[in-house]
Structures are given as structure tokens and as C-alpha cells.
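In what follows, a single structure is set out as C-alpha cells and then discussed.
Hydrogens, waters and symmetry mates are skipped; everything else that's a heavy atom, side chains included, is used.
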Amino acid sequence: MTAPRARRRPATAILAAAIALGAALVGVTGARRVLREAPCGEGFVREGARCLPRTGTCPPPLAFGTAGCEAPERDVVLVPANSVVIGPSDWEAEGKVPARTVRTAPFAIDRLEVTVGRARAPGSPLAGPFDPRDAARALGGVTRAEARAFCMFRGGRLPTDDEWIAAAAGDKPRRYPWGDTGAVCRRAAWGLVHGPCGEGGEGVTGSDTVGAHPEGATPLGIHDLAGNVAEWVEAPDLPPGRAAARGGSYETDMATALRTWVRVELDEGARLPTVGFRCAYSTDPDGGVPWRTP
């Protein structure tokens with residue numbers, strides 16, 4: 001007895017199945033495209049693992065400048081006097097961060113990390129050639145002494161360790177600069193090399209565009225205090241020759257390393273592509289910033 005012959009599927013059924021498969025593939029492709037662009041704020045597009053301004057535009061918090069789309073000149077945020085206890089409010093800090101109270105007077109701090117365009121501009125102590133496409137990219141690969149020199153040139157200084165914490169953690173304190181939960185790719189440039197935010201980022205060689213992850217800004221509007229580049233701070237509690245940086249970087253692959261209480265200790269002469277800075281400024285009695293004209 002011969003086996004029954006398989007029933008032929010009607011041509012219309014085969015066609016319908018093909019259309020459904022095609023739609024599914026298009027949907028997957030579209031989902032991947034959305035995934036690749038989702039980490040970037042409005043007005044930015046994903047190119048590899050970086051977020052770049054859409055062609056011909058300059059989305060906030062950036063602005064058009066002499067080098068193209070760039071960090072605005074003299075864009076600072078006033079941080080009010082603060083008193084915050086760090087350590088015990090976050091269970092993951094237990095045994096890692098001694099409980100202490102951080103007290104700071106009012107000060108101002110750059111809204112954005114120092115960029116390649118600002119640092120390499122003529123007249124700057126870090127002046128030099130650069131690719132215009134990198135004008136709004138966070139600067140890395142500078143020593144603490146170079147960061148100090150640039151901030152002095154700008155009429156400021158590096159933030160103290162306590163000031164950085166006050167800017168990032170606020171008075172609650174917050175676990176991350178934006179709040180207590182949700183270390184996701186749309187809020188910070190992290191995990192771009194081996195971590196969760198690096199899809200399409202093979203061969204990542206540097207930092208991201210500053211301000212391209214606005215959902216990760218603090219309530220005061222300070223960007224990129226988690227991820228992108230770690231930031232030099234003044235840490236007087238360290239011995240001579242040692243220095244500190246905070247905030248994690250684009251290479252950080254664990255969300256816990258983005259906590260506002262995490263500090264990395266380095267040699268003061270270290271020059272790492274993952275470490276950059278922003279400047280802080282003392283305020284006058286009226287809360288103004290007494291700029292020094294370079």
C-alpha cells in the first residue's frame with residue numbers, strides 16, 4: 001500500500017505566506033532601525049555607536065558655532081548650596097563607599113562636557129587640528145594637568161569631588177544623575193564597546209556627541225554626568241601623584257559603574273581616551289559667574 005500523496009497548498013496560500021514572511025522581515029528590519037536610533041535624543045541619528053546631529057541641523061542642547069554644530073559658548077548651570085549623605089541610602093554602596101555628608105557652597109558647572117571643538121580652538125592651551133564632525137564630541141585623552149589648564153583658561157577650575165557629587169546626585173541623593181532607576185541606552189553613552197548599547201558599534205574608538213542623550217540629564221539640566229567620558233575631579237583626600245575621575249564612560253559595561261557615588265582612582269598623569277572633564281566656576285554673592293575673558 002502506497003503512502004498518501006501530500007496535499008498541494010493552493011497558490012493563493014503560498015502567496016499569502018510569502019507576503020506574511022516579507023512583512024515580518026520588514027518589521028524586523030524596521031525594529032532594528034528603531035533600536036539603533038532609539039538611544040539618541042530627538043534631532044540625532046545613530047551612526048555606528050555614535051549619535052550625530054541630523055544633516056543640516058543642530059538639535060538642543062547644541063548650537064551652531066564657528067566649528068559647526070557645537071556646544072554653546074559659556075553654557076553653565078548654577079548648582080545651589082547642597083548637603084547630602086552618600087553611601088547608606090544605596091544598598092549597592094554598602095561596603096564600597098564610606099557613609100559621609102557632602103556639603104557644598106553654590107557654584108556653577110558646565111552643562112556639557114568639554115568638547116573637541118572647544119578644546120582644540122585657536123588660542124586654547126589644547127589647540128590643535130580636528131575633524132569638524134568631532135566638534136561636538138566629548139574630549140578624552142587629556143591629563144588632569146591639561147584639564148586644569150583649560151579650565152583656568154576659561155576662567156574656571158575642575159570641580160571638586162564633592163561638587164561633582166552635588167551636581168550628579170542632588171540632595172536626595174539620586175542613584176543615577178537622572179534618578180534612581182533605568183540605566184538604559186537612551187539616557188547615557190555607555191556599554192558601547194562590549195556592553196548593551198553597542199549594537200552596530202564595532203570598532204568604537206571614542207566618545208559620543210555631548211548632549212545626545214537628553215533623557216539622562218539631571219533635574220537641573222546637566223548632561224552626560226553618567227557615561228560618555230569619565231570626568232577629572234579634584235580629590236584632596238588622595239595622596240600625591242594620584243587623582244580621581246567620576247561618571248563612567250562609553251566603555252563602561254556595567255550599569256552599577258554609572259552610580260553617582262562611584263569613583264575611579266588614577267595616576268595624575270594618566271591619558272586615557274575614556275577620561276575627559278568639564279569645568280566648574282565659583283559664583284559671586286549674587287550667584288553670577290565672574291568670567292575671565294581669555
Side-chain angles (χ1 to χ4, degrees), residues 36-37 39-75 110-144 146-147 149-151 153-154 185-193 195 197-214 216-217 222-232 245 247-252 270-279 294:
R36 288 170 61 83
E37 293 189 359
C40 306
E42 185 176 354
F44 295 89
V45 294
R46 199 90 185 273
E47 183 173 307
R50 287 184 62 190
C51 293
L52 297 175
R54 293 185 185 276
T55 303
T57 69
C58 199
L62 303 179
F64 283 110
T66 56
C69 192
E70 170 58 301
E73 179 74 5
R74 306 296 194 192
D75 186 11
D110 288 338
R111 185 182 306 276
L112 303 169
E113 292 169 323
V114 172
T115 61
V116 172
R118 290 286 175 225
R120 303 304 184 199
S124 162
L126 301 178
F130 66 93
D131 185 336
R133 281 168 52 89
D134 288 341
R137 194 175 197 172
L139 179 73
V142 291
T143 66
R144 185 182 65 174
E146 290 171 336
F150 181 84
C151 287
F153 165 77
R154 297 282 292 176
C185 303
R186 70 178 183 274
R187 288 180 171 151
W190 68 288
L192 298 185
V193 179
C197 304
E199 185 200 359
E202 295 78 6
V204 171
T205 58
S207 58
D208 204 352
T209 304
V210 298
H213 303 271
I222 307 170
H223 293 255
D224 299 314
L225 283 169
N228 213 3
V229 289
E231 300 175 12
W232 287 115
S249 76
Y250 62 88
E251 280 192 355
T252 298
R271 186 189 301 277
L272 303 173
T274 54
V275 180
F277 66 103
R278 74 180 73 217
C279 302

G211 backbone acceptor or donor facing D224 side chain under 3.5 Å
yes
Which distance, rounded to the nearest 0.5 Å, do you find between the SG of C197 and the OH of Y250?
14.5 Å
Which pair of heavy atoms, one from F130 and one from A67, lies closest together, and at what distance?
CZ-CB, 4.0 Å
Does any part of the side chain of E47, heavy atoms only, come nearer than 4.5 Å to the side chain of R133, both counted from C-beta?
yes
Can you spot which of R111, R278, E113 makes a side chain to side chain contact (heavy atoms under 4.5 Å, CB included) with V210?
E113
Check against side-chain contact (heavy atoms from CB on, under 4.5 Å), L126 and R120:
CA-CA 5 Å; L126 301 178; R120 303 304 184 199; 3.7 Å; yes
Between W232 (side chain only) and V142 (backbone N and O only), is there a donor and an acceptor less than 3.5 Å apart?
yes
Determine whether a donor-acceptor pair (N or O, by modelled atom type, separation under 3.5 Å) exists between the side chain of T274 and the backbone of S249.
no
Using modelled atom types only, decide if a donor and an acceptor are shared between the side chain of T209 and the backbone of C51 within a distance under 3.5 Å.
yes
Residues L112 and P72: closest non-hydrogen pair is CD1-CD, 3.9 Å
Between E146 and R271, is the side-chain contact (heavy atoms from CB on, under 4.5 Å) condition met? List the steps.
CA-CA 10 Å; E146 290 171 336; R271 186 189 301 277; 2.8 Å; yes
Could you pull out the closest heavy-atom pair between V114 and F150, with the gap in Å?
CG1-CE2, 3.8 Å
Rounded to the nearest 0.5 Å, the CG atom of D75 sits from the CZ atom of R118 at a distance of 9.5 Å
What I'd like to find out is whether the side chain of R50 reaches to under 4.5 Å of the side chain of R137, using heavy atoms alone.
yes
Looking only at heavy atoms, what is the nearest atom pair of A138 and V229, with distance?
CB-CG2, 3.9 Å
Applying side-chain hydrogen bond (donor to acceptor under 3.5 Å, both in side chains) to E70 and not counting sequence neighbours gives T115
Judged by atom type as modelled, is there a donor-acceptor pair below 3.5 Å linking the side chain of S207 to the main-chain atoms of N228?
no
Closest non-hydrogen atom pair, P214 against G41
CD-CA, 3.7 Å
P39 backbone acceptor or donor facing H213 side chain under 3.5 Å:
yes
Answer yes or no: does atom CD of E42 have more than 12 heavy-atom neighbours from other residues, nucleotides or ligands under 6.0 Å?
no
Let's go through R74 and R154 carefully: what are the C-alpha distance in whole Å and the side-chain angles of both, what is the deciding distance for side-chain contact (heavy atoms from CB on, under 4.5 Å) to 0.1 Å, and is it a yes or a no?
CA-CA 9 Å; R74 306 296 194 192; R154 297 282 292 176; 3.7 Å; yes
Could you tell me whether a side-chain N or O of D110 sits under 3.5 Å from a main-chain N or O of C279, the two making a donor and an acceptor?
yes
Validation row: F44, D208 side chains within 4.5 angstrom (heavy atoms)
no
Indicate the atoms forming the closest heavy-atom contact of A63 with C58, along with that distance.
C-SG, 3.2 Å
